[in-house]
Amino acid sequence: MARVVVEIMLKPEILDPAGQAVSRALPSMGVEGVTSVRIGKRVVIDFDGAPDLDRAREIADRLLANPVIEDFTVQVQ
Amino acid sequence: MARVVVEIMLKPEILDPAGQAVSRALPSMGVEGVTSVRIGKRVVIDFDGAPDLDRAREIADRLLANPVIEDFTVQVQ
Amino acid sequence: MTHDTVEIAAKEGHLEQPYAELGLKTDEYDKIVGILGRRPTATELAMYSIMWSEHCSYKSSKVHLRQFGDKAPASDRMLVGMGANAGVVDIGDGLAVTFKVESHNHPSFVEPYQGAATGVGGIVRDILTMGARPIAVMDSLRFGDADAPDTARALPGIVAGIGGYGNCLGLPNIGGELVFDPTYAGNPLVNALCVGVMPVNRIQHSAAEGTGNVVVLLGAKTGRDGIGGVSVLASATFDSVGGPARRPSVQVGDPFTEKLLIECCLELFDQELVTGIQDLGGAGLTCATTETAAAGRSGMHVELHRVPLREASMEPPEILASESQERMLAIVTPAALPAVLSIAAKWEVDATAIGEVTDTGRLVIDWHGETVVDVPPASLADEGPVYERPMRRPADLDLLQATDPSTLPRPSSAVELRATLLKMVASPNLCDKTWVTEQYDRYVQGSTVLAQPEDSGMIRLDEDSGLGIAISTDGNGRHTRLDPYAGAQLALAEAYRNVAVTGATPIAVTNCLNFGSPEDPEVMWQFAEAVRGLADGCRTLGTPVTGGNVSFYNSTGLAPINPTPVVGVLGVIDDVTRRVPMGFPAAGRILLLGETAEEFGGSEWAWVQHRHLGGRPPVVDLSREQALASVLAEGARRGLLGAAHDLSDGGLAQVLVESCLRGRVGARITLPDGADPFVWLFSESAGRVVVAVPQGAGSTFTDLCVGARLPWTAIGEAGGESLAVAGVLDVPLAELRTAHEGTLPSLFG
Amino acid sequence: MTARVGVVTFPGSLDDRDAARAVRRAGGEPVALWHADGDLHGVDAVVLPGGFSYGDYLRCGAIARFAPVMGSVISAAGDGLPVLGICNGFQILCESHLLPGALTRNRHLHFRNRDQRLRVETTATAWTGGFAERALITVPVKNGEGCYVADSATLQRLEADRRIVARYVEGNPNGSLHDIAGIANDRGNVVGLMPHPEHAVDPLTGPSEDGLAFFASVLRHLVGTPA
Ligand SMILES: Nc1ncnc2c1ncn2[C@@H]1O[C@H](COP(=O)(O)OP(=O)(O)O)[C@@H](O)[C@H]1O
Ligand SMILES: [Mg+2]
């Protein structure tokens with residue numbers, strides 16, 4: 001059993017309304033000093049064989065992330 | 001400038017429809033050998049002052065995650 | 001690990017078992033031992049504790065709910081009555097309709113989005129189980145004060161959850177309610193309604209019949225989510241801090257899987273491949289296996305280890321209690337099994353044979369060769385405890401009814417009346433609900449003829465004949481608090497009227513009874529009175545109750561919520577092109593049907609202006625409601641109505657504003673000589689409707705009223721850019737619109 | 001002979017029956033196409049309808065793009081087959097790279113269903129030839145992820161080549177860049193629309209009949225093109 005984690009975030013130039021909504025809500029919770037909040041995805045993939053980075057990268061590139069708006073990283077865990 | 005990353009995943013016993021939909025799609029893409037896919041959130045919070053872990057944990061607990069169905073971790077980066 | 005088997009239980013005899021922790025009383029436990037002639041196994045004990053919980057057994061409400069059947073008016077439309085998953089009514093042209101409203105209050109408090117979403121998923125499966133294609137949903141929502149922190153926490157998620165699930169299923173949302181009152185603080189009410197349609201000959205039954213038939217589990221894998229959800233969530237009062245008394249587990253909904261399950265089941269029904277079908281909701285497999293076996297007066301043998309699991313480590317009690325969503329149980333003949341499995345495969349729905357129907361009269365459940373359950377199914381499904389709970393008229397009711405709003409200061413000058421009007425139409429309960437309803441798909445399926453903000457939702461069922469149905473849900477906790485019997489009838493009358501104003505004819509009723517703790521004698525009295533009022537009202541109106549749902553243990557802190565029966569009324573219309581909208585046409589005479597008395601008890605004015613709740617609710621006159629309905633149906637059929645809108649919260653003023661804004665046209669109103677403008681504009685007398693009649697059709701329509709002995713008053717004309725009440729006020733539509741539409745966006749973004 | 005317009009049903013498609021009804025009302029013959037079947041059965045045009053294919057949990061249209069039927073749609077589109085993607089269908093077209101850019105979460109984060117005013121910006125596509133120049137129409141929008149985004153170079157190209165098919169007017173319901181409600185490929189045979197013309201084909205059940213012209217347009221276009 002091997003685990004690969006894919007982290008997907010919107011490209012910096014793409015607006016993240018969900019992240020903005022969170023940062024706007026923070027002051028009302030008494031939380032100050034937050035300059036930015038960005039919300040992305042964390043995908044945990046379990047393989048039954050050896051951890052297959054290339055395959056994970058392929059899954060991320062073709063399915064999990066949309067390269068037009070998102071960047072991603074792939075790590076074995 | 002300090003960065004805190006909050007990772008939120010559905011509790012293991014909770015159904016993850018998104019992860020399930022992805023793992024079901026993989027074979028049709030010619031990807032075999034994946035036993036499970038779980039999809040959570042990755043929230044990147046930038047503070048202008050020192051990284052405030054406790055504050056980030058409070059944000060996660062009250063705003064970002066619902067402890068009834070989700071677990072989360074908080075790390076400084 | 002070794003399991004507690006029937007063999008062990010029989011051999012070993014008495015053993016201290018945690019029945020109290022599972023919510024069973026000592027006498028209930030003793031009854032179980034009596035039924036089995038031995039102590040229950042751990043698995044059996046879990047099953048009894050769930051099936052005998054308030055939520056599943058209706059042990060406190062049963063004795064009262066019987067009235068709905070006993071007093072039901074004779075109706076040749078009833079194809080399936082109370083007691084089934086949902087009642088079924090014949091609407092002609094070989095079509096049958098089934099509808100039901102159900103609560104998901106406590107889960108929605110704990111996890112607003114998923115709680116509300118799975119509430120929709122659950123009621124949709126109830127409708128599907130009858131053999132119907134679900135065709136629309138509605139949602140009745142109640143929260144604490146609009147500006148309360150907990151409302152801000154719960155409302156957006158609950159609305160998003162209802163939309164998220166219903167939109168993804170492709171079910172148009174055609175109406176509902178949105179009410180704010182501190183009585184619901186920390187205990188929002190989330191009642192979801194679903195309606196479905198089927199050919200009369202496709203009605204399904206949820207009975208396990210035919211020895212040797214196969215028991216097939218369809219849909220999602222079974223996981224640990226929602227275990228004990230029924231007994232804990234639905235039957236435990238929330239503590240005064242506002243958090244759940246016991247941390248319950250919550251289910252996550254998967255509308256995509258449900259959509260496939262619906263299409264799969266409908267294909268199975270059409271090909272007549274199932275002999276019985278039952279949805280898995282509260283109490284999961286426990287409920288589905290016991291109820292189908294009991295209904296079939298048969299037995300059932302289940303091999304529990306065949307149930308597909310999300311987590312291999314699950315134990316028999318967990319598997320049987322799991323409330324994993326999006327599952328159905330089908331009974332099919334061995335001959336049909338291959339066809340069933342291939343249709344399931346086509347829709348990518350998991351289907352697993354987990355057992356078979358027997359003639360033993362016992363439900364026997366094996367786990368890897370060991371028998372862990374051996375019970376008479378009816379003892380769980382039908383023969384649970386039944387309580388005649390003590391009842392007491394609330395001690396404060398006399399005082400409450402005595403503090404009449406007649407003493408409250410009222411607006412009198414033109415300036416005060418204008419200010420009152422603008423304040424009322426902007427108040428949270430009377431303001432425009434678009435912020436909520438915009439989050440729901442009203443167009444999907446292409447047959448929505450009327451939807452919010454119209455008085456009822458209306459769906460076209462037959463594109464050629466134009467046959468359609470209309471539905472409205474209504475409830476008023478303040479009226480019911482002041483007089484439960486009258487309050488329930490007022491809710492019924494309003495929903496009935498909301499259906500009638502669209503031109504449809506009301507034919508059947510569903511209801512969701514949201515109350516406090518049945519262990520509180522005053523709550524139990526409110527419940528009994530409300531049920532009696534509703535049952536009597538349905539008999540008088542000739543609209544049988546076809547089904548419903550009870551939600552007890554709703555309270556804010558230690559105080560029970562205002563008793564809140566939510567009533568859904570179904571109507572039929574033989575040609576939807578004859579529907580009557582609420583918006584005024586560019587021109588036409590405006591008539592007020594019915595009579596206006598000075599009735600402000602439990603009114604929106606008393607609340608908005610004075611936070612006052614007291615006195616008596618408006619008088620109910622059901623024969624007046626019937627007269628209204630017949631005149632409106634006939635007027636619609638003969639094309640005499642340009643618009644119709646019923647009066648309820650906020651009275652005449654509210655209706656004039658809504659019909660003007662909806663029609664984008666003003667109105668010139670003249671109240672009768674000597675009329676008190678305040679009473680005429682804001683009283684909430686029942687049995688009233690405003691209609692717009694095209695020039696020329698006036699006398700034909702008023703002749704109808706005379707014939708039905710229905711009083712009417714000509715109050716003005718449609719037209720212009722403002723709402724003008726002669727000698728009282730004249731407000732531009734733009735100003736009214738700003739006031740009416742600004743409230744929710746400014747509260748919730 | 002009347003044109004045959006395929007309407008694809010993916011698992012989770014919802015507006016497929018409505019799209020078929022719209023084709024019929026416009027005078028065409030709707031043909032049901034199944035996601036798992038790579039055969040387009042010789043249809044003259046294809047509609048990818050609205051809905052939530054595969055639940056749209058990961059990213060709208062991300063999974064549907066891999067359905068066998070899409071392989072055939074993508075290559076046929078390359079040969080000029082008229083293709084209209086509505087809402088989820090538009091998202092699938094972007095995910096398939098038949099159209100540039102992406103549809104992201106609405107700026108206000110809510111699903112929004114309203115009757116929307118649009119301006120038809122070009123009649124030079126297979127699906128808009130029947131409209132008057134710069135026609136103003138009312139068609140429902142209903143989406144949670146309808147906010148169109150693309151890099152500035154792409155946006156400039158879309159503007160310069162007149163490939164913006166329709167724009168939101170009197171209010172942008174989701175924050176789309178340049179108020180974009182729909183775009184076309186450079187050949188004009190592939191069009192993606194966020195609003196739902198199939199829900200505006202009958203005043204009884206929709207806000208207008210304005211949507212009908214999209215379907216009538218493709219029928220006219222097909223008559224004009226030799227088979
Ligand atoms: N939660 C909701 N979901 C759907 N529709 C709603 C909801 N709340 C209110 N509505 C709609 O808003 C309109 C106004 O509601 P209401 O004033 O309660 O109607 P009425 O007074 O006729 O019962 C109705 O069409 C109702 O269906
Ligand atoms: Mg009404």
Side-chain angles (χ1 to χ4, degrees), chain B residues 1 3-48 52 55-75 77, chain D residues 8-14 16 33-40 48-75 85 87-89 91-98 102-111 143-145 147:
Chain B
M1 222 280 315
R3 168 163 295 185
V4 174
V5 175
V6 181
E7 294 177 347
I8 304 163
M9 303 297 291
L10 285 163
K11 290 180 189 285
E13 69 271 20
I14 299 282
L15 172 72
D16 175 3
Q20 181 179 287
V22 168
S23 40
R24 285 191 174 190
L26 291 177
S28 66
M29 295 173 54
V31 179
E32 303 295 340
V34 169
T35 54
S36 135
V37 177
R38 306 278 295 177
I39 301 182
K41 293 200 209 87
R42 180 165 185 274
V43 185
V44 179
I45 307 175
D46 290 339
F47 293 86
D48 55 10
D52 188 333
R55 192 170 284 180
R57 208 167 276 116
E58 185 201 344
I59 298 172
D61 190 49
R62 286 176 54 195
L63 194 60
L64 300 175
N66 180 350
V68 178
I69 54 172
E70 295 169 316
D71 298 326
F72 63 87
T73 65
V74 179
Q75 313 135 5
Q77 263 198 356
Chain D
V8 178
T9 297
F10 298 96
S13 291
L14 303 178
D16 42 353
L33 301 178
W34 185 244
H35 67 101
D37 180 359
D39 181 352
L40 296 185
L48 305 180
F52 291 74
S53 52
Y54 301 89
D56 278 350
Y57 296 132
L58 171 70
R59 214 173 49 254
C60 300
I63 294 177
R65 156 200 175 185
F66 294 100
V69 73
M70 282 312 294
S72 316
V73 169
I74 290 169
S75 59
C87 196
N88 195 222
Q91 293 160 337
I92 294 168
L93 290 175
C94 289
E95 287 283 338
S96 317
H97 308 302
L98 280 175
L103 292 143
T104 60
R105 191 102 181 261
N106 293 352
R107 285 293 151 88
H108 45 72
L109 301 174
H110 300 301
F111 183 96
N143 60 69
E145 306 198 2
C147 176

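In the text below, chain A, chain B and the rest are named by the order of the sequence lines, each starting its count at 1.
- Scanning all heavy atoms of the two residues, the minimum distance from D:Leu58 to B:Val22 falls at CD2-CG2, 4.0 Å.
- Smallest separation of non-hydrogen atoms from B:Ala21 and D:Tyr57: CB-CD1, 4.1 Å.
- Of the two parts of D:Phe66, only the side chain, counted from C-beta on, holds a non-hydrogen atom closer than 4.5 Å to a non-hydrogen atom of chain B.
- Of all residues spanning residues 23-36 of chain B, those with a heavy atom less than 4.5 Å away from chain D's heavy atoms are B:Ala25, B:Met29, arranged by number.
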